[in-house]
Amino acid sequence: MKTIALEEHFLIPELETYLEETFQNVNRDLAARAVPRLLDTGAGRLETMDACGLDMAVLSIAGPGVQIEPDTALAGDLARKANDVLAGIMAEHPARYGGLAHLAMQDPAGAADELERCVTDLNMQGAMVNGQTLGRYLDAPENEVFWERAAALRAPVYIHPGNPVSKPVCFEGHPGLWGPFWSWGVETGTHALRLVLAGVFERYPDARLILGHMGEGLPFMMWRFDSRLPVSYHPEPPLPEPPSFYLRRNVTCTTSGVFDDVPLRCALDGLGEDNVMYSIDYPFEASNLADEWISKADFPDRVKEKVCFRNAERILLNMTAS
Ligand code: ZN
């Protein structure tokens, strides 16, 4: 079956130093193996894609990238550079690679312009933002200009996990909790809920968010969100719909880093079968494991086709439907 994956990372040498922020959370061996793979978008990567039957990889910078750069002008320059390099890679292998724009959210208006350049002039599929930017989340009022443009362009915005600016005390004493094992999912699911509670999706019904890791736990929790919000908190201005409404309408998820039928069933039930897309998270996850799982996953072919490529062809920009 045709497969398109959209949490597949690459790197330009200029952004390598920022990876240290991520590597504090991962095994040193995995980190050392990852760097040459991230820098290779040629024969080595294409061989791996062929070996695991991956037709198309939508590439994105391995985070956090410029998200943690304190100098706004430098962050903008580096993001544009990364996007120009990515556009070149896509042009070299148009059938194999797509791209998600790297954005300097330090300057939301500049990020909106860069998003528009990337999806309009450079043929990209949307954008990826690596969590908070210098402590500011995407629901901040400063980002209104960004959401207005993203919604008008119908450009999907993928929130990739990152670290918060400070470590909550509940993660102290157990280093394993900090990172992909637990804290990244909590951080990223929280980021998405901030957008729901801030009314971003109420104001921009066409905004589209993508979450990795089967939706960062949110599909499992939807009934409870709807049940508990009215008795615990009243957003101002009020939300006319329950949280699950916005999660189903505005949020899609990928299978990145979660190769298991049980959470896929939950994501399909929770968000709907039109809102789940296949992804691996190369090079941090093993492409062969993902392929072995999705090949055997126990779902009807009609649903698997949606997950493996049809939803991506519909949701991402500048895609040709097959
Ligand atoms: Zn990733």
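Both ligands and their constituent atoms are indexed starting at 1 by order of listing.
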Name the one of Glu69, Glu142, Met105 that satisfies side-chain contact (heavy atoms from CB on, under 4.5 Å) with Thr133? Met105

Taking the Zn ion (ligand 1) as the vertex, what is the angle from NE2 of His160 to OD1 of Asp281, given to 10 degrees? 170°

Which of the N/O/S atoms in His9 sits closest to the Zn ion (ligand 1)? NE2

Which single N/O/S atom of Glu7 lies at minimum distance from the Zn ion (ligand 1)? OE2

Test item: side-chain donor near acceptor, Trp293 and Asp261, under 3.5 Å: yes

Determine whether the aromatic ring centres of residues Phe171 and Trp178 are separated by less than 6.0 angstrom. yes

Find out whether Leu197 and Tyr233 are in side-chain contact, i.e. whether some heavy atom of one side chain is under 4.5 Å from a heavy atom of the other. yes

